[in-house]
2 protein chains.
Amino acid sequence: MSFLNTPLDGDVPLAELHPSIDPGAEINASDYQIASSQESENEAEKESPDDVKPPPFNQATGEMPSTEEFSGHYEFSLLMGVGSVNDAKNVKKSWEYSLKMNKLYVKVGSAVPVSFKINNQLDWSDLKVRALLVYDNPDDARTPVERCSSHKDPSHKSNKDCPNVNHVLCCQHRNASYERDQYSGRYSVVVALGEPQAGATYATILYMLNCKSSCEGGISRRNTSIIFTLEKNNKVCGRHVVHVRICSCPKRDMNQEQEFLSCSTSSMLSRGKKRKLDHFGPIRIKSEGYPLPSLLPPLPVSSLNSDLPPQPRYEPLNYMEVSLHFFSLLYG
Amino acid sequence: MSFLNTPLDGDVPLAELHPSIDPGAEINASDYQIASSQESENEAEKESPDDVKPPPFNQATGEMPSTEEFSGHYEFSLLMGVGSVNDAKNVKKSWEYSLKMNKLYVKVGSAVPVSFKINNQLDWSDLKVRALLVYDNPDDARTPVERCSSHKDPSHKSNKDCPNVNHVLCCQHRNASYERDQYSGRYSVVVALGEPQAGATYATILYMLNCKSSCEGGISRRNTSIIFTLEKNNKVCGRHVVHVRICSCPKRDMNQEQEFLSCSTSSMLSRGKKRKLDHFGPIRIKSEGYPLPSLLPPLPVSSLNSDLPPQPRYEPLNYMEVSLHFFSLLYG
DNA sequence: ACACAAGTAC
DNA sequence: GTACTTGTGT
Ligand SMILES: [Zn+2]
Ligand SMILES: [Zn+2]
């Protein structure tokens, strides 16, 4: 694990710094209750006569949010899985993070600590981090990620005393603000960073994902990413993106995808006869032949069309093949 | 296929008798609209002041409906899959029926023709057939079978203009009456048999199942059966039971279960080390060591405890093993 | 962690 | 129909 703006650092064992955080624990419903919500309980009553102020427009939750990463003036960076009892050998991991693929594999409802770092700013109090889940596939990129019907069911145990029934991506933080962009329909969760705890140089926030990637009628086996935007006065001043797969066997699935990545690098790519693992990982996507997935580390767009060796292609590359191709250009 | 009260008859090719019925067709939503419903639209308003008549109690939809088969005075019998273009070679089958296992394998939402036969009664008009879906496992036998949240979602395509959102088991018949037993909570569908069509000796009704056996939050991979009761004046005067599995690959799954049935008959049974196919078929059940499943042809209960050869058992037989055991006693 | 079940893409 | 994916029971 490493800060994403310095992605090739070695692992940083920081578990002992946060002994009180247990990311594997069940979601504590009472934490939700305290959370302030900027959503009205009834989403239908949006135009109450008193509420005439136009809701603020925010690029970060627009129809097609950018997934280009930049650290910005505050040198915004994040670190997955820091301060986690996850690192302890005796604790069963409920999530895995692959630095190589910049992808989080997590069980539904498990808390994942994400640590944010800021420089050039003494006062963090007006800095907020927004987390938004999006679909990777360009076909779906404009579709808000919604919870499936089963998980939205108020009688579902994950919704006990939980006002954020519609949010796949939630946050175990008492000041978390759950928002719905009424123009795009996207759900996101915003947290004020606050000061890092004494002696710490980053602030750690627990996130959890309350639908599976496979949830029928919801994500439906589509690939997703979390977009973290650093915001000040409703303006985006930093952005990072992490791939995420919510599944029952994070370790198995990560290993599977890593194995595919390594055994197929450049060998399987030039050939047609597409087979196993159509996309980045085993999740199959319906459409294929897409341009660069928006989730890999920022690439000059020109490379998409100009840097491809003009080898003969018998069928269009699918999502995964394109991902892998650019991945190998970057790291191979 | 054969009438169930004469289960070892040969196949009866009757497809040509009902050339107009296409069981493989998509559910026609408009058929639903005409169906009269005895359920109030809003299930909450049960005690409206005008509606003081106590709702009729019916054994057939009680907490623990009997699954014992009997043909009764009217020699009630049924036949699966009659009059079906399903029999034609060029039509892709959306369901399979195993006479050997008395089990229907069907894709979700596909119409399955079930033919009912009555004797000793010139006027069929006051005879009704109720169809009720129940769980086989005694642990769940008292639990009403409900649709899963996803399929109940009004925006789900299977619910277009369909008032019977809560019913897994539906019926393509314009006079179908959808009922909910307010004591047990069970959903059932009732059809007046009417006269058989000219030249026919049975009445054929199309049923469909609108959740999968695997539906999370619904049937959840539990085994189910359909109970067909012949009723006259709200009294049960005949009963037949058919196992049913609602799945994506009826043929594959039927073959799988048949294979297991044949290869394991008596060989695998006496041994512990239980593994593959815990239950009747591949659907795993949570609990095990149950008595006789209620769906096999009626057996003297005494046989359960007395006819078992007292072979040494290292672990309790699970549901499937018990099913298989009695199955082999009957037919083996 | 393994084996299997059961949906989905091709 | 085949192969693969991905949840579940053990
Ligand atoms: Zn879900
Ligand atoms: Zn369902």
Check: Looking at A/R245, does any N or O in its side chain come under 4.0 Å of the phosphate oxygens OP1/OP2 on D/dT6?
Finding: yes
Notebook entry, point to check: ring pair (Phe, Tyr, Trp, His ring centres under 6.0 Å) with B/F228: which residues, sequence neighbours excluded?
Noted result: B/F116, B/Y207
Notebook entry, point to check: OP1, OP2 of C/dG7 versus side-chain N and O of B/S214: anything below 4.0 Å?
Noted result: yes
Checklist line | Residue whose nearest DNA chain C nucleotide is more 5′ - A/K251 or B/C247 | finding: A/K251
Next item on the list: Quickly work out the A/D253 CG to C/dA1 C1' distance and round it to whole Å.
Entry: 13 Å
Checklist line | side chain to side chain contact (heavy atoms under 4.5 Å, CB included) partners of B/K251, counting only residues at least two apart | finding: B/E96, B/N255
Item checked: A/S248 vs D/dT8: side-chain N/O to OP1/OP2 distance below 4.0 Å -> yes
Check: Going by atom types only, do B/N210 and B/H151 share a side-chain donor-acceptor pair under 3.5 Å?
Finding: no
Checklist line | A/N102 side chain near A/Y97 side chain, heavy-atom distance below 4.5 Å | finding: yes
Checklist line | B/K93 side chain near D/dG1 phosphate (N/O to OP1/OP2, under 4.0 Å) | finding: no
Check: Nearest-Å distance, CZ (B/R222) to C1' (D/dG9)?
Finding: 16 Å
Check: In whole angstrom, what separates A/E96's CD from C/dA1's P?
Finding: 9 Å
